[in-house]
Structure formats: C-alpha cells, structure tokens
Amino acid sequence: CVPKTLDLVPRFLPCLDPGDAIVTPRAIDTGFAGYMARVSSLGAPAGWLFEISGRSVPYSLVDSILEDKALMGRLRRLGGAGNWVFEPYLQTPRVLRLARETGIPTDKTNPSLVRNGIITRLNDKGQFKELARDLGVKTPGGYLAESMPALEKAIDLVAQRNNDRVMLRK
C-alpha cells in the first residue's frame with residue numbers, strides 16, 4: 001500500500017452518512033474519528049470504523065480484509081443482518097469474492113461484467129482509449145510503453161511530431 005494513498009483515508013470520513021461504515025487499511029486518529037462522529041451524527045466510531053489489522057503480502061486491500069479474522073467476523077455479522085452493500089472504488093473478482101464470503105453484496109456493477117474483465121478493461125487507460133478509438137471516438141494521441149526501449153522509441157516519435165515537446169506519465 002502506498003503511504004501517499006494511506007494519507008488520503010481520513011478524507012473519506014466526511015463523505016459518510018449516518019448508517020454508513022468504512023473499512024480502512026490504516027488507523028484513524030481517535031480524536032478525528034470522534035469529531036467526525038459528532039459533526040456527522042455517525043454514532044460511536046466502533047460501529048462504523050472498521051480498521052484492518054494487517055497487510056497481505058503482496059499487498060491487496062481485499063486480501064488484507066480476508067486475512068483479518070476479527071474484521072471478517074464483523075463483516076459477516078453485517079452481511080447476515082442485511083441492508084448493507086459494498087461500494088468499492090473499483091469492482092474486481094477479488095471484491096466479488098469478498099462480497100460472497102461476507103454476505104454483503106456489491107450492487108454497483110453487474111458481476112458478469114467484472115468476471116468477464118470488462119470493468120478492468122474500462123479502468124485501464126490504454127484499453128479504454130483503444131475501445132474509444134474502435135467506436136470512432138477521438139482520443140488524444142499518445143503511446144503506451146511497457147519497456148524501456150519502447151519508451152525511448154515513443155519519446156523520439158512524440159518529440160519529432162511536437163517540436164521536441166514531450167509529456168510523460170507513469
């Protein structure tokens with residue numbers, strides 16, 4: 001897990017509505033959690049703040065949740081009670097597994113679209129641009145390089161076309 005990403009987790013708390021819960025890969029400062037509970041009428045943090053106790057290797061948020069026995073017990077109790085839905089940033093086959101093992105559904109995306117890899121394709125910039133081009137939608141020019149020689153070649157091509165102006169993104 002990237003430390004920069006972990007630093008963003010507390011910023012999600014103001015997005016919670018009463019009755020929501022959040023599963024977080026890092027500890028949230030108890031003072032901040034208490035403050036958010038008061039100003040957002042969330043109730044005691046113990047009822048909505050679910051912290052994962054460890055990190056899987058290699059890191060996966062879903063695998064870390066699945067490996068945390070105490071957290072899985074809490075999530076299974078919620079799943080058994082009903083009226084809960086996972087709202088992940090991106091649905092993947094791992095998220096579908098988590099939903100199945102906790103009894104908490106993911107209602108945002110049809111599971112067949114996840115299993116068939118369509119959601120993964122749509123969330124990959126290169127594949128999305130390719131799909132858009134296939135459908136006749138104009139996309140900004142660019143190259144996708146998966147090796148240093150391919151990157152060097154792409155830089156040369158872009159530089160030739162743009163008076164040596166090149167933008168690189170990771």
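Counted within 6.0 Å of CZ on Phe32, heavy atoms from surrounding residues, nucleotides or ligands total more than 12; the atom is thus considered enclosed. The number of heavy atoms from other shown groups lying within 6.0 Å of CG (Asn163) does not exceed 12.
Contact annotation: the side chain of Thr24 approaches that of Leu49 to within less than 4.5 Å [non-hydrogen atoms, C-beta and beyond]. Counting only heavy atoms from C-beta outward, the side chains of Arg11 and Leu8 approach each other to under 4.5 Å. Two residues are said to be in side-chain contact when any heavy atoms from C-beta on lie closer than 4.5 Å; Leu42 and Asp20 fail this criterion. When side chains are defined from C-beta on, Val62 does not count as touching Arg97, because their heavy atoms never get closer than 4.5 Å. The closest side-chain heavy-atom distance from Pro93 to Arg115 is not below 4.5 Å. With contacts defined as side-chain heavy-atom distances shorter than 4.5 Å, the pair Trp84/Pro105 does not qualify.
Pairs engaging residues 139-159 under the salt bridge (Lys or Arg N to Asp or Glu O under 4.0 Å) rule: none recorded [sequence neighbours left out]. Sorted by first then second residue, the salt bridge (Lys or Arg N to Asp or Glu O under 4.0 Å) pairs that include residues 65-94, not counting sequence neighbours, are Asp63-Arg94, Arg76-Glu101. A salt bridge (Lys or Arg N to Asp or Glu O under 4.0 Å) check over residues 27-54, counting only residues at least two apart or in different chains, returns nothing.
Separating the CG atom in Leu96 from the OG atom in Ser112 is a distance of 9.5 Å, to the nearest 0.5 Å.
For Ser147, the side-chain contact (heavy atoms from CB on, under 4.5 Å) test picks out Pro149, Ala150, with sequence neighbours left out. Residues satisfying the side-chain contact (heavy atoms from CB on, under 4.5 Å) criterion with Val23, sequence neighbours excluded, are Phe50, Ile52, Ile65, Leu71, Leu75. Qualifying side-chain contact (heavy atoms from CB on, under 4.5 Å) partners for Ala99, counting only residues two or more places apart in sequence or in other chains: Phe86, Thr106.
Here the side chain of Ser64 pairs a donor or acceptor atom with the backbone of Ser56 at under 3.5 angstrom. Looking at Trp48, its side chain never comes within 3.5 Å of a backbone N or O of Gly19 through a donor-acceptor pair.
Taken together through direct or relayed side-chain contacts under 4.5 Å among Ile, Leu, Val, Met, Phe, Trp and Tyr, Leu13 and Val39 form part of one hydrophobic cluster.
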